Amino acid sequence: MNPFILAETNLKTIKDQGIDLAILPWRSTEAHNYHLPFSTDNIMVEKIATESAQSAWKEGARVIVLPTIPFGVNTGQMDIKLNINLNPSTQFAILNDVVDVLNRHKIYKFLILNGHGGNDFKQIIRELGLKYPSMFICGCNWYQSFNNSEFFENSGGHADEMETSIMQYLVPELVLPLNEAGAGKGKKFKIKAFNEKWAWAERRWSQVTSDTGIGNPFKATPEKGEKCFNEVIKKIGNLMIELSKADINNMYE
């Protein structure tokens, strides 16, 4: 039993236990090329949440990891078999109810740990912050916590060398041999501004990639995955420690 994981602990343990920070891992259920499971985002964000919280707990941070939300925004992938979509309005409704519970129980610091690129919680956090002024609500995309080129030869963004390497390290039994993977070739917009990121439009996934992957996975290794994973745990664990210790009425310098 881990006292920092809500799904594993019990009322006897947490009834009188102070909790400084609640963490909600949020993921997605979607195809990841041919070689990675639909649960790829789920597995990675849950492992990161658990191990980061364990690291923070050992340093005295009183954190609690809530059960992971398994579905994310996949509005551009609805023609891909069994990619499950959760609309942003649904995400808002879920988060509103979760924040209401935390606020009632005087847990005023809340971190949404995101593991899916289609999720964007910024505007939801703004609205919830207005509704619950006593709360400090923040978000974190774990996959942006490190420099990809420090660990991997190829970039991408979906079922690429990075995700494949981490999955090879965490759950090798769920990863098919790389000779069964697609090349992960992704098409770019014909309109230059969208590729330069100062204009944005949702990509229609099946028109962008033939195998659902974006990024070449063929140079992935579990050794690369382990090094990257450990760096992420260090970064996210430190964030949890800092948030746990923070005075939300004195956050600036």
Side-chain angles (χ1 to χ4, degrees), residues 2-27 44-69 72-73 88-89 91-117 119-147 150 197 228-253:
N2 291 304
F4 50 86
I5 300 177
L6 184 60
E8 295 184 12
T9 193
N10 49 67
L11 182 59
K12 184 177 179 64
T13 299
I14 68 168
K15 185 176 180 181
D16 299 316
Q17 175 182 297
I19 298 174
D20 296 320
L21 172 69
I23 300 111
L24 179 63
W26 204 304
R27 51 196 186 183
M44 291 191 295
V45 77
E46 196 156 301
K47 293 277 190 180
I48 289 165
T50 299
E51 296 206 20
S52 298
Q54 182 178 45
S55 174
W57 185 269
K58 288 178 179 178
E59 295 299 318
R62 288 300 164 257
V63 301
I64 194 79
V65 179
L66 308 181
T68 306
I69 305 295
V73 176
S89 56
Q91 290 184 315
F92 175 82
I94 292 170
L95 284 168
N96 180 71
D97 289 350
V98 172
V99 171
D100 180 64
V101 170
L102 297 177
N103 189 57
R104 287 174 185 271
H105 293 282
K106 297 181 172 57
I107 302 170
Y108 294 125
K109 287 177 275 190
F110 180 41
L111 170 65
I112 305 164
L113 181 60
N114 181 40
H116 172 55
N119 296 332
D120 186 353
F121 297 106
K122 287 182 180 179
Q123 302 308 321
I124 295 175
I125 291 172
R126 290 179 188 273
E127 187 166 348
L128 290 174
L130 190 64
K131 187 173 181 179
Y132 298 95
S134 61
M135 297 286 299
F136 182 84
I137 307 169
C138 58
C140 164
N141 299 324
W142 72 260
Y143 47 85
Q144 294 177 332
S145 66
F146 60 93
N147 186 339
E150 291 183 9
K197 310 297 185 183
C228 181
F229 182 79
N230 289 337
E231 176 69 9
V232 171
I233 297 306
K234 179 181 176 182
K235 290 277 187 70
I236 305 300
N238 286 338
L239 173 61
M240 291 180 184
I241 292 169
E242 289 189 286
L243 285 170
S244 296
K245 294 179 179 179
D247 177 357
I248 61 176
N249 295 310
N250 185 20
M251 294 293 288
Y252 313 102
E253 61 181 11

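Computed from a predicted structure; not experimentally measured. Just the heavy atoms: all of them, side chains too, but no hydrogens, waters or symmetry mates, feed the values below.
Side chain of Lys109 to backbone of Ile248: no donor-acceptor contact under 3.5 angstrom is found.
Between Trp26 and Gly72, the shortest heavy-atom distance links the atoms NE1-CA, 4.2 Å. Residues Val63 and Ser244 share a closest heavy-atom pair of CG1-OG, 3.3 Å. The shortest non-hydrogen separation linking Ala49 to Val65 is O-CG2, 3.9 Å.
Residue pairs meeting the salt bridge (charged side-chain N to carboxylate O under 4.0 Å, His left out) criterion with at least one member in residues 232-244, sequence neighbours excluded, are Glu231-Lys235. Residue pairs meeting the side chain to side chain donor-acceptor pair (under 3.5 Å) criterion with at least one member in residues 5-23, sequence neighbours excluded, are Asn2-Glu8, Asn10-Thr13.
Under the 4.5 Å side-chain criterion, counting only non-hydrogen atoms from C-beta, Phe4 is not in contact with Ile23. Counting heavy atoms from C-beta outward, Ile64 and Leu21 have side chains that stay 4.5 Å or more apart. At least one side-chain heavy atom of Leu95 sits under 4.5 Å from a side-chain heavy atom of Leu24. Between Tyr108 and Leu102 the shortest side-chain heavy-atom distance does not fall below 4.5 Å. Trp57 is listed as a side-chain neighbour of Pro3, based on a closest heavy-atom distance under 4.5 Å.
Partners of Asp100 according to the salt bridge (charged side-chain N to carboxylate O under 4.0 Å, His left out) rule, which considers only residues two or more places apart in sequence or in another chain, are Arg104. Applying the side chain to side chain donor-acceptor pair (under 3.5 Å) test to Asn147 and every residue at least two apart in sequence or in another chain returns Ser149. Residues that satisfy the side chain to side chain contact (heavy atoms under 4.5 Å, CB included) test with Thr68, not counting sequence neighbours, are Pro25, Arg27, Val45, Glu46.
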Requested in this report: Could you give me the CA-CA distance, side-chain angles and deciding distance for Leu66 and Ile5, then say whether side-chain contact (heavy atoms from CB on, under 4.5 Å) is met?
Outcome: CA-CA 7 Å; Leu66 308 181; Ile5 300 177; over 6 Å; no
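Between the CD atom in Glu51 and the CD1 atom in Ile236 there is a gap of 12.5 Å [rounded to 0.5 Å]. Atom CD1 of Ile241 sits about 5.5 Å away from atom OG of Ser55, to the nearest 0.5 Å.
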Sequence neighbours excluded and cut-off under 3.5 Å, please list the side-chain donor-acceptor pairs for residues 125-143, or say none.
residue : atom : partner : partner atom : Å
Lys131  : NZ   : Asn96   : OD1          : 2.9
Tyr132  : OH   : Asn96   : OD1          : 3.4
Ser134  : OG   : Asn103  : OD1          : 2.7
Asn141  : OD1  : Asn114  : ND2          : 2.8
Asn141  : ND2  : Gln144  : OE1          : 3.1
Tyr143  : OH   : Asn114  : ND2          : 3.4
Tyr143  : OH   : His116  : O            : 3.4

